[in-house]
Amino acid sequence: MRLLTIFSFTLLKNLRDVGSMLQMVLLPVVLILILGLALNYVFEPGRLEPISVGCLNEDRGPAGEYFDRFIYSEEIRALLDTRPVESPESARQKMQEGEIAAFIHLQEDFSSNFSSSLPSPEKPALRVTVTPGSPLRSAVVENVLGSFIHGANTVAALRRMGLAETAYSYQGGAIEDRPLAASGIMPGAIDYYAVTMLVMIIMYGSLYACFGMKESYLDAVGKRIKGSPIRGTEHYVGLVLANVVTVFLQALVVIAFTRYAYGVNWGENLPLILLITFTLVLLSIGLGTMIAMVTRSEMLAGGILNGLIPVITFMAGGYYRFSIPGKIFSALQHLSPNYLAQTAIFNTIYGGAAAHTGALLGAMGAIILGTFAVAMAAERRKFN
Amino acid sequence: MLVEMKDLVKRYQDVPAVDHVSLEIREGEIFGLLGPNGAGKTTTLNMLIGLTKMDGGSIKIFGKNLEDSAGEIKKQIGIVPQEIAIYEDLTAAENVAFFGRLYGLRGSLLKERIDEALAFAGLEEKKKQYPRKFSGGMKRRLNIACAVMHRPRLIIMDEPTVGIDPQSRKHILDSVLKLHDSGSTVLYTSHYMEEAEELCTRIAIMDQGRIIAQGTKDELKELVSSEERIMIELSAANYTLVEQIKKVSGVRECAIEGKTLTVIAAKNGRIISRLIELITATGSEIISLNVEKITLENVFLTLTGKTLRD
């Protein structure tokens with residue numbers, strides 16, 4: 001019952017704190033709207049322009065003729081801007097200068113090798129060279145050529161089966177047009193910032209633990225409470241629970257408001273989103289409690305958290321989506337609570353692997369245990 | 001005995017904050033624990049309520065060992081901490097209710113005691129107001145209301161009148177007497193000797209972690225009754241005169257502050273005559289001369305060589 005007293009009065013105090021409430025609820029709601037509108041262009045799916053490709057066709061046989069019809073057809077030109085080159089050396093030069101992104105070389109023995117009843121796999125007759133660092137462009141070139149190879153393979157197979165009169169004939173249809181809908185599959189700006197601002201504001205919830213534990217556990221009121229017939233665990237758990245419930249309620253308001261007012265996509269699996277949110281709230285309160293217990297100074301603990309949270313939010317792409325170069329920074333980014341929670345939420349909304357979400361929740365759980373263990377050790381150190 | 005402390009020891013990195021303190025407090029008395037800052041009063045109180053671990057000794061309260069029955073003992077203790085320990089963002093009534101619930105009060109009894117405690121503190125009109133709008137004295141009174149609402153057998157008050165206006169101070173001192181009249185035992189620490197003289201039935205004087213004297217007011221005064229304090233205001237004074245006075249037989253101490261000499265000497269009419277002779281010989285005029293009645297302040301000064309506010 002004494003735990004309930006600590007819990008209910010602390011919750012009442014937290015909910016009455018209008019300044020903090022506005023900061024925790026109104027600020028993210030406004031920021032989500034501003035960032036969502038201002039940076040919407042960054043999140044719109046871009047148009048894929050035809051890729052410049054150099055081509056050297058040295059095969060004078062039927063397959064070579066077929067290849068020319070295929071590669072210079074209107075259909076393929078929508079994807080590949082193919083330009084003849086004089087030699088492999090000239091193609092390499094153009095690739096280095098960035099004039100072309102890939103080089104396709106159909107060698108002179110391509111038709112004869114394909115017509116042979118025993119084709120030699122050691123003599124690849126179609127060579128493709130792509131510039132590194134552009135997996136999307138490489139994939140497009142490889143897929144287009146894959147379509148050509150399928151056709152050529154079919155003809156070769158029929159000929160080997162005795163249908164010698166079978167000819168190469170390209171009649172189009174190598175590309176099937178399947179429009180991709182980005183909505184619901186990738187986040188728009190407002191969807192993205194709803195998640196990152198929610199995560200950021202939950203991390204700021206650690207300040208409740210920091211100031212609350214200082215006032216009600218370490219300072220004069222806390223000492224007075226300890227002088228009453230309450231058990232230490234009731235006192236501690238009551239305060240932690242009240243702070244957890246305060247921040248979780250604020251997070252629920254942000255989720256509900258952004259879902260119904262802004263139409264933010266929180267996905268179909270709301271219970272899992274709420275579980276991730278609750279886990280992050282526990283982590284945030286654990287972090288605040290730990291820093292309060294270790295520093296025993298409201299000013300210092302508040303300063304540390306107010307400095308740390310913007311940094312980890314930035315590193316996790318909370319303000320602007322970017323990739324961090326370098327192994328150390330990348331590792332730090334992957335360990336930051338914001339990154340773990342954001343990734344788990346995005347994974348849940350946009351159909352990522354459940355096992356990955358589970359691993360992220362596990363990592364957050366480990367951090368929670370660590371923060372509370374350090375907080376308890378620091379508390380015991382003081383009681384001497 | 002309501003409280004028995006035996007050989008209490010507390011050290012911080014080998015420096016003794018409380019050094020073999022033994023005290024006994026009887027049921028129904030107002031016991032004063034006096035001493036300057038750093039004397040070890042608050043550390044002693046913290047050990048008494050289980051906030052600080054003892055390095056040695058034992059504490060029995062209500063006949064029970066504190067270490068074995070802390071929860072049961074704490075139910076019957078009310079604590080008025082030195083710092084104001086209330087929530088600024090809960091109303092006066094909510095603050096009292098919060099601490100009342102921690103002491104196990106519920107329902108109609110809780111409501112009744114909230115009203116009673118606020119009336120006791122003179123805050124019944126302010127029950128729905130937040131303490132952030134209160135004066136320092138009102139906050140101190142609410143601090144007391146939160147400690148007495150469960151009608152404890154023992155009330156521990158750690159300097160409850162620090163930094164408040166005279167009206168609130170008088171209210172608090174009257175409250176302590178009322179609590180005493182209602183049967184509560186009070187352990188009262190203070191810087192102010194006059195408060196101890198007014199309130200306490202027995203007093204212990206603490207300095208540098210040790211109890212240097214304890215007893216009733218009269219017993220303590222008796223300890224130093226063989227000496228008196230003579231204050232002499234002069235037209236001019238110098239250190240040569242001070243050195244001459246110190247050499248007079250029976251004079252234990254002589255100090256100068258501005259043009260006023262303070263002399264602590266054995267009770268003896270001849271000493272005053274000798275002092276007047278020495279002063280006249282220097283050509284200085286005596287503007288006033290007072291022989292002070294023995295107070296607890298004099299007792300403290302005599303025993304420790306310093307004032308309570310040092």
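Reminder, nothing fancy here: chain letters follow the sequence lines and each chain counts from 1. It should be emphasised that the depicted structure is a prediction, and the values quoted were computed from it without experimental measurement.
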If you draw a 6.0 Å radius around [atom1] in [X], do more than 12 non-hydrogen atoms from other residues or ligands fall strictly inside?
X        : atom1 : result
B/Arg11  : CZ    : no
A/Met376 : CE    : no
B/Glu83  : CD    : no
B/Glu67  : CD    : no
A/Lys13  : NZ    : yes
A/Lys214 : NZ    : yes
A/Phe278 : CZ    : no

Subject >> Value rounded to 0.5 Å, distance of NZ in A/Lys226 from CG in B/Leu51 >> reply: 7.0 Å
[X] versus chain A, heavy atoms under 4.5 Å apart: side chain, backbone, both or neither?
X        : result
B/Asn143 : both
B/Glu94  : both
B/Ile73  : neither
B/Ala147 : both

Subject >> Choice from B/Arg106, B/Gln82, B/Glu72 maximising heavy atom contacts with chain A below 4.5 Å >> reply: B/Arg106
**OP:** Go through A/Glu234, A/Glu215, A/Arg2, A/Arg224 and name the one with the most non-hydrogen pairs under 4.5 angstrom from chain B.
**Re:** A/Arg224
Any heavy-atom pair between the side chains of [Y] and [X] that's under 4.5 Å?
X        : Y        : result
A/Thr10  : B/Phe98  : no
B/Leu102 : A/Ile225 : yes
B/Lys74  : A/Ile230 : no

Determine the minimum heavy-atom distance between [X] and [Y], stating which atoms define it.
X        : Y        : answer
A/Pro229 : B/Gly71  : CB-O, 3.5 Å
A/Arg16  : B/Thr91  : NH1-N, 4.3 Å
B/Tyr103 : A/Gly227 : OH-O, 3.8 Å

Original post:
Which bit of A/Ser216 comes within less than 4.5 Å of chain B, counting heavy atoms only: side chain, backbone, both or neither?
Top reply: both
Original post:
Which atoms of A/Leu12 come close to chain B, meaning under 4.5 Å heavy atom to heavy atom: side chain ones, backbone ones, both, or neither?
Top reply: side chain
**OP:** Show your reasoning for whether side-chain contact (heavy atoms from CB on, under 4.5 Å) applies to B/Phe99 and A/Val221.
**Re:** CA-CA 10 Å; B/Phe99 287 104; A/Val221 180; 4.2 Å; yes
